[in-house]
Protein chains: 2
Amino acid sequence: MDPVTIKDIAHALNLSTSTVSRALRDSYEISPETKRLVMEYAERLNYRPNPIALSLKGSSSKALAVIVPQIANNFFSQAINGIEAIAYNRGYHVIIFQTHESYEREVANVQQAVSRRVDGLLLSLSSETSDVKHLQALIDQGMPLVLFDRVAAELPVTQVVADNFGGAYAATSHLLQTGRRRIAHLTIPPYLSIAQERLAGYRAALEQYGVPYDENLVRYGTFGPDEAGPLVDELLALSPPPDAFFTASDRLALGCLGALRQRGIDVPGQVALLSFTNSQSAHLLNPPLSTVTQPAQEIGQLAAERLIELIERKHKSTGPSTMKLPTTLVVRESSRPLAKVVS
Amino acid sequence: MDPVTIKDIAHALNLSTSTVSRALRDSYEISPETKRLVMEYAERLNYRPNPIALSLKGSSSKALAVIVPQIANNFFSQAINGIEAIAYNRGYHVIIFQTHESYEREVANVQQAVSRRVDGLLLSLSSETSDVKHLQALIDQGMPLVLFDRVAAELPVTQVVADNFGGAYAATSHLLQTGRRRIAHLTIPPYLSIAQERLAGYRAALEQYGVPYDENLVRYGTFGPDEAGPLVDELLALSPPPDAFFTASDRLALGCLGALRQRGIDVPGQVALLSFTNSQSAHLLNPPLSTVTQPAQEIGQLAAERLIELIERKHKSTGPSTMKLPTTLVVRESSRPLAKVVS
DNA sequence: TTGTAGGCGTTATCAA
DNA sequence: TTGATAACGCCTACAA
């Protein structure tokens with residue numbers, strides 16, 4: 001049972017394809033009688049316009065591309081969730097691409113998305129990406145584009161991010177307030193906008209408390225497997241060693257916590273641990289992990305909304321802007337009451 | 001800068017579109033000289049065939065649809081990861097659809113996938129789905145289809161699953177071996193194949209140990225938020241109350257653990273907890289959670305491999321089959337050494 | 001060895 | 001109010 005086409009309907013009803021096409025789109029130039037006939041028949045045969053043909057014809061494809069480094073990552077899977085929710089409501093489909101943190105794959109994915117004639121792109125940069133010419137080209141072509149989370153401020157497009165500076169500032173401040181002075185920062189590759197902002201927030205808090213910045217305390221992970229252990233060892237070998245860890249991701253936090261416990265270090269007695277995270281089980285960890293949470297789903301939703309706005313009324317474009325969503329600091333150290341601070 | 005088409009190349013080189021088309025496909029009937037000319041020019045202009053036109057033409061679209069209940073779920077995001085890896089290597093793209101556990105959306109998504117002319121579908125049933133006519137129709141149309149994880153044995157298609165029976169049997173046996181006798185089973189909706197198989201494994205282990213099956217000890221969740229608490233309360237109100245919980249998912253395990261701790265119940269002293277899970281941090285929980293792990297990524301990979309096989313050589317189809325991948329029981333109770341049992 | 005024509009499903013333009 | 005035709009980008013008989 002091949003899909004029903006306009007041609008089938010035209011044939012069956014002894015009409016021309018153009019008449020059927022117009023009837024289906026409820027055109028004013030078709031008689032009510034013909035419309036009824038066509039509509040009913042189409043309904044009965046469960047006619048669905050072929051989106052491929054529509055795309056080829058040059059109108060919209062009703063598809064959005066989402067390009068992320070990794071799906072199997074709480075932040076991104078939650079963000080995609082938000083994107084998909086909005087897209088679905090507005091009649092768009094979502095085609096997902098993963099870059100696996102590779103610049104090459106990012107470029108290839110962008111090309112593919114374009115040749116698939118998506119109506120717009122949502123993108124979060126790979127950690128390898130420092131050159132954004134491929135995105136500039138996209139913008140020059142007039143392709144609707146919204147960046148989220150890992151963005152490139154120099155690009156004239158809408159960007160949706162969490163308040164990474166504020167979150168890192170709040171996190172570091174909290175550690176300082178509870179008496180920590182040697183705060184290690186275990187973070188993600190330094191090209192990334194979010195890494196830079198978090199580092200800036202961390203430094204700002206240190207400065208505020210008159211604690212000198214020590215670059216030895218900052219280490220960059222690479223998304224490799226089991227990378228936290230060695231980095232933790234390096235940090236513990238410093239003298240004096242850190243009395244707190246501020247990590248920039250779920251993965252680093254879990255790796256760090258595992259490494260610390262394996263080495264018999266009391267958390268948070270000897271060393272405190274606080275992390276950016278989107279994991280659902282931070283409060284069930286041993287010890288419960290204090291966290292800075294990004295509103296992943298909301299970021300996805302907002303980004304998708306902006307993109308669809310851009311697509312559907314390119315003319316009255318309000319121009320690019322950067323949207324910062326607040327992060328939430330949740331303190332879960334067993335010794336103190338549960339507290340929330342919104343940055 | 002509009003994308004370059006065959007027509008552009010033909011025009012520039014004073015050739016016909018068919019000659020260019022054939023030259024690009026390295027057809028034997030084109031002179032080496034012309035081929036070189038065309039190839040070089042195409043290269044220079046960075047020509048890429050328009051996949052939309054190709055799809056419309058009726059050949060393959062080089063796209064696969066993946067339909068899952070939820071992306072923001074460790075099992076599925078890891079499975080998609082595996083799918084995407086295989087698909088990418090074989091030159092396919094992945095279009096992802098979420099059903100949000102809704103039968104209606106599942107049907108709609110299948111339709112959409114078909115009208116997007118995907119070359120094949122990978123699907124994991126929604127928890128609402130009991131009627132699989134929409135899939136039977138797909139099969140009748142000759143559309144390549146592979147089911148994974150949540151499958152429907154009655155459909156004559158390739159199915160890729162974890163050994164849910166074996167995993168549940170191993171898990172329950174372990175709890176019985178450690179002296180538990182009132183083992184509650186907190187699981188997912190009963191329509192799902194995996195729920196049934198896990199229940200069967202649970203029952204088989206009980207029988208093996210001569211422990212009578214008590215249906216009061218089995219409760220079904222519905223993927224709602226915060227649903228574990230009430231279910232845990234109901235179970236604890238039984239007399240005698242359970243001395244162990246065997247949960248069927250990450251979500252239920254975390255909900256259950258949270259509920260138990262909130263109620264001041266010692267885990268695993270008073271009540272043991274063991275779960276099917278794909279979370280990365282089970283060993284960092286308090287207490288470390290013993291788990292049965294599904295090879296999510298491998299399931300995705302295998303399913304994608306099978307699907308692509310099906311697509312690329314429909315003729316010598318080897319017929320539908322069910323593939324069961326082993327699960328792994330990891331015991332992490334603080335009182336005993338780390339052990340692994342493969343089912 | 002190369003070119004011409006038709007078609008995939010749809011819409012837009014122009015004619016009837 | 002309806003129909004014929006061309007076009008989107010590509011491929012493939014069939015003709016030259």
What is the distance from NZ of A:K62 to P of C:dT11, rounded to the nearest Å?
-> 14 Å
Using a cut-off of 6.0 Å, state whether more than 12 heavy atoms not belonging to B:Y191 lie near its atom OH.
-> no
Value in whole Å for how far the P atom of C:dT2 lies from CG of B:L13 = 11 Å
Take the protein atom CG of A:L54 and the nucleotide atom C1' of C:dT11, then report the distance between them rounded to whole Å.
-> 9 Å
Filtered N/O pairs between nucleotides 3-6 of chain D and protein, under 3.5 Å:
| residue | atom | partner | partner atom | Å |
| --- | --- | --- | --- | --- |
| D:dG3 | OP2 | A:S16 | N | 3.0 |
| D:dG3 | OP2 | A:S16 | OG | 3.2 |
| D:dG3 | OP2 | A:T19 | OG1 | 2.3 |
| D:dG3 | N7 | A:R22 | NH2 | 2.7 |
| D:dG3 | O6 | A:R22 | NH1 | 2.9 |
| D:dG3 | O6 | A:R22 | NH2 | 2.8 |
| D:dA4 | N7 | A:S18 | OG | 3.3 |
| D:dA4 | N6 | A:S18 | OG | 3.0 |

Go through the structure and list residues passing ring pair (Phe, Tyr, Trp, His ring centres under 6.0 Å) with B:H134, not counting sequence neighbours.
-> B:Y103
Sidechain-backbone polar pair: B:S124 side chain, B:R150 backbone, donor-acceptor under 3.5 Å | yes
Winner on side-chain proximity to A:T5, out of D:dC10, C:dT11, C:dT10, is C:dT10
Nucleotide D:dC11, atom C1' - distance to OH of B:Y47 in whole Å = 10 Å
So, are B:R105 and A:E84 salt-bridged, with charged N and O less than 4.0 Å apart?
-> yes
Rounded to the nearest 0.5 Å, what separation is found between the CG atom of A:N81 and the CD atom of A:Q297?
-> 5.0 Å
Nearest whole angstrom, please: distance from the P of D:dC8 to the CG of A:L56.
-> 9 Å
For atom CD of B:E43, decide whether the heavy atoms of other residues, nucleotides or ligands shown that lie under 6.0 angstrom number more than 12.
-> no
What is the distance from CZ of B:R116 to C1' of C:dC8, rounded to the nearest Å?
-> 17 Å
Atom-pair distance (CG on B:L24; C1' on D:dC11), nearest Å | 12 Å
How many angstroms lie between CG in A:L121 and CG in A:L310, if you round to the nearest 0.5 Å?
-> 11.5 Å
Within residues 25-43 of chain A, those residues having any heavy atom closer than 4.0 Å to DNA chain C are A:R25
Give the rounded distance in Å between these two atoms: CD1 of B:I52 and C1' of D:dC8.
-> 11 Å
Could you tell me whether a side-chain N or O of A:S61 sits under 3.5 Å from a main-chain N or O of A:S55, the two making a donor and an acceptor?
-> no
Presence of salt bridge, B:R36 and B:E40, under 4.0 angstrom = yes
